[in-house]
A.B. asks: 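Quick one: the structure is below, and I'll ask about it shortly.
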Amino acid sequence: MRKPKILIFSDFYLPGYKSGGGMRTIVNMVERLCDRFEFWIVTRDHDGHEDRTSYSDVKINEWNNIEKAKVFYLSRENVKMSKLHKLVEEVKPQLIYTNSYFSKLNIYLLLLRKLGRIPKTPFVLAPCGELSDGAWSINKAKKDFFLMGTNKIGLYGNIVWKASTELEKKEIERLKPSKAKIFIAPDLPPKMIFAEFNIKKKPVKKSGCAKMIFLSRFVRKKNFKWLLQHLKDIDGKLEIDIFGPLDDSAYWKECSRLIEKLPENIKVEAKGTVPHHNVAETLFQYDFFILPTLGENFGHVFLEAFAAGCPLIISDQTPWIDLEKKRIGWEISLKNPGTWIKIINKCINMEDAEYKQMSLASREYVLKWLADENLEKETVDVLNFGLSKIEKM
């Protein structure tokens with residue numbers, strides 16, 4: 001039998017690497033489930049929100065064979081409803097899947113659907129953390145107005161939602177979508193991360209200093225400015241290197257002014273972006289991963305840090321909990337900056353023997369997590385339910 005055809009709309013996709021976890025979930029879904037489903041993907045012709053340079057190694061406004069999927073790269077002038085309409089008619093999918101609540105691609109598709117311009121195709125939406133309290137608080141008035149308007153016309157009604165966690169399910173429920181079916185399915189990781197890991201090659205952790213890494217899109221949601229505002233009470237030598245696109249230049253300027261005022265024992269530096277195939281190797285060179293985020297629905301980079309033997313220091317606004325009990329890091333409330341400083345100082349003063357135990361525990365934890373046979377089941381259930389859904393528009 002022919003595999004069910006799923007048409008995915010994602011703002012960014014391979015060969016890009018700057019846009020974050022939402023894209024990685026799609027990449028991993030294709031890798032893991034291509035034997036069960038036929039994947040067609042429509043995306044933009046550039047990598048990330050700030051870099052508008054078109055890819056030079058793929059065909060633009062044409063279908064490309066990218067690993068195990070067919071991928072269409074839209075030029076800027078083709079990001080419009082008429083073109084999306086033609087692509088849906090051309091592919092004739094059994095299911096449409098989008099990975100953003102606010103994406104223009106998603107909104108155009110839902111408008112086409114509302115107007116009856118595209119067939120009665122089941123529709124799955126994964127908001128990928130955009131509905132968290134922290135994310136919603138950025139430009140809140142604008143988002144509240146958008147929600148009020150879309151609810152009034154029922155734009156997001158009668159679709160299937162994929163939440164990554166129970167918390168994200170509650171965030172979706174707050175939108176009060178009509179005739180909604182909400183599934184919980186963890187974002188899919190790759191089958192293996194950093195197979196080359198060798199604890200003997202991990203840099204020695206010296207007491208009195210610590211090298212930490214922030215690896216993510218540098219935007220307000222990641223909350224790095226908050227961390228900078230509380231670092232003055234750090235003892236010992238602390239280095240924090242920032243890897244990732246500086247997508248919010250105004251926010252980076254605000255942080256830069258704080259970085260310039262840090263005491264001599266604290267060094268913070270932006271190192272640029274890292275191609276995805278070098279992420280785990282980069283993480284391996286650091287002692288700890290630090291991210292005071294306002295909210296994450298999953299966090300692929302956390303798994304990559306664990307795989308590199310790099311314990312976490314993160315906020316409690318993610319699904320990853322009980323890290324200290326597992327000896328793989330700490331999740332700390334943003335209401336307790338003193339605890340953040342205490343833990344950072346603890347990490348600075350940590351001896352190599354204790355650190356290596358945490359590093360190995362982090363690696364062992366992610367290997368066990370990746371080996372879970374149920375990882376794919378929940379996502380398959382979401383897609384199969386969508387495929388069986390008869391819409392009443």
A.B. asks: Which residue in the set D381, D187, N99 passes side chain to side chain donor-acceptor pair (under 3.5 Å) when paired with K162?
C.D. replies: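 Of D381, D187, N99, side chain to side chain donor-acceptor pair (under 3.5 Å) with K162 is met by D187 alone.
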
A.B. asks: Does the K3 side chain pair with the main chain of C34, one donor and one acceptor, at a distance under 3.5 Å?
C.D. replies: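 Yes, because the side chain of K3 sits within donor-acceptor range (under 3.5 Å) of the backbone of C34.
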
A.B. asks: Ring-plane angle category for F218 and Y251, please: parallel below 30°, perpendicular beyond 60°, tilted otherwise.
C.D. replies: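 Ring orientation, 0 to 90° scale: tilted.
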
A.B. asks: Output yes when a side-chain donor or acceptor of Y55 lies under 3.5 Å from a complementary backbone atom of P15, and no otherwise.
C.D. replies: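 Pair absent, no side-chain N/O of Y55 close to backbone of P15.
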
A.B. asks: Check for a donor-acceptor pair, side chain of E331 on one end and backbone N or O of T318 on the other, with a separation under 3.5 Å.
C.D. replies: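 No, the answer is negative, given that no donor and acceptor are paired below the 3.5 Å cut-off.
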
A.B. asks: Are the side chain of K222 and the backbone N or O of S216 linked by a donor-acceptor pair below 3.5 Å?
C.D. replies: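 No, the answer is negative, given that no donor and acceptor are paired below the 3.5 Å cut-off.
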
A.B. asks: Between S100 and N106, is any side-chain donor less than 3.5 angstrom from a side-chain acceptor?
C.D. replies: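 No, no side-chain donor-acceptor pair sits under 3.5 Å.
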
A.B. asks: S207 side chain to N349 main-chain N or O, any donor-acceptor pair under 3.5 Å?
C.D. replies: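 Indeed, once roles are kept as given, a pair shorter than 3.5 Å links the two residues.
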
A.B. asks: Answer yes if the side chains of N65 and K70 hold a donor-acceptor pair under 3.5 Å, and no otherwise.
C.D. replies: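 The answer is yes; a qualifying pair exists.
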
A.B. asks: Taking NZ, NE, NH1 and NH2 as the nitrogens, is one of them in D133 or R174 under 4.0 Å from a carboxylate oxygen of the other?
C.D. replies: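 Between R174 and D133 there is a salt bridge, with a charged N closer than 4.0 Å to a carboxylate O.
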
A.B. asks: Does F183 have K181 sitting over its ring (NZ/CZ under 6.0 Å from centre, angle to axis within 45°)?
C.D. replies: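 Verdict for F183: a cation-pi partner in K181.
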
A.B. asks: Sorted by first residue and then second, give each side chain to side chain donor-acceptor pair (under 3.5 Å) pair with at least one member in residues 189-198; sequence neighbours left out.
C.D. replies: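 Every candidate side chain to side chain donor-acceptor pair (under 3.5 Å) pair involving residues 189-198 fails, so no pair, neighbours aside, qualifies.
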
A.B. asks: Do side-chain atoms of K143 reach the backbone of I138 as a donor and acceptor pair under 3.5 angstrom?
C.D. replies: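 Between the backbone of I138 and the side chain of K143 there is a qualifying donor-acceptor contact (under 3.5 Å).
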
A.B. asks: Decide whether E90 and W63 meet the rule of one side-chain donor and one side-chain acceptor closer than 3.5 Å.
C.D. replies: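 Side-chain D/A pair, E90 to W63: present.
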
A.B. asks: Does Y97 have its ring centroid less than 6.0 Å away from the ring centroid of F39?
C.D. replies: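 Between F39 and Y97, which both carry aromatic rings, the centre distance is not below 6.0 Å.
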
A.B. asks: Once the angle between the rings of F302 and F289 is folded into 0 to 90°, is it parallel (under 30°), tilted (30 to 60°) or perpendicular (over 60°)?
C.D. replies: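 The rings of F302 and F289 stand perpendicular, inter-plane angle above 60°.
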
A.B. asks: Taking the side chain from D47 and the backbone from K18, do they hold a donor-acceptor pair closer than 3.5 Å?
C.D. replies: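 The answer is yes, because a donor-acceptor pair under 3.5 Å joins these two groups.
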
A.B. asks: Within 45° of the ring axis of Y73 and under 6.0 Å from its six-membered ring centre, is that where the NZ or CZ of K59 lies?
C.D. replies: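 Not flagged: K59 not positioned over aromatic ring of Y73.
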
A.B. asks: Spell out, as yes or no, whether a donor-acceptor pair under 3.5 Å connects the side chain of K356 to the backbone of K200.
C.D. replies: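 No; zero donor-acceptor contacts below 3.5 Å.
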
A.B. asks: If only atom types and distance count, is the side chain of K205 paired as donor or acceptor with the main-chain N or O of C209 below 3.5 Å?
C.D. replies: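 Yes; judged by distance alone, with no hydrogens or angles, the pair exists.
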
A.B. asks: Could you please spell out the steps behind the ring pair (Phe, Tyr, Trp, His ring centres under 6.0 Å) verdict for F102 and F146?
C.D. replies: CA-CA 9 Å; F102 293 112; F146 177 81; 5.6 Å; yes

A.B. asks: Return the orientation label for the W320 and W369 ring planes: parallel under 30°, perpendicular over 60°, tilted otherwise.
C.D. replies: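 W320 vs W369 ring planes: tilted.
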
A.B. asks: If we ignore angles and hydrogens, is there a donor and acceptor under 3.5 Å between the side chains of R24 and H300?
C.D. replies: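 No - no donor-acceptor pair under 3.5 Å links their side chains.
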
A.B. asks: Using modelled atom types only, decide if a donor and an acceptor are shared between the side chain of N61 and the backbone of S75 within a distance under 3.5 Å.
C.D. replies: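 Yes; at least one donor-acceptor contact below 3.5 Å.
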
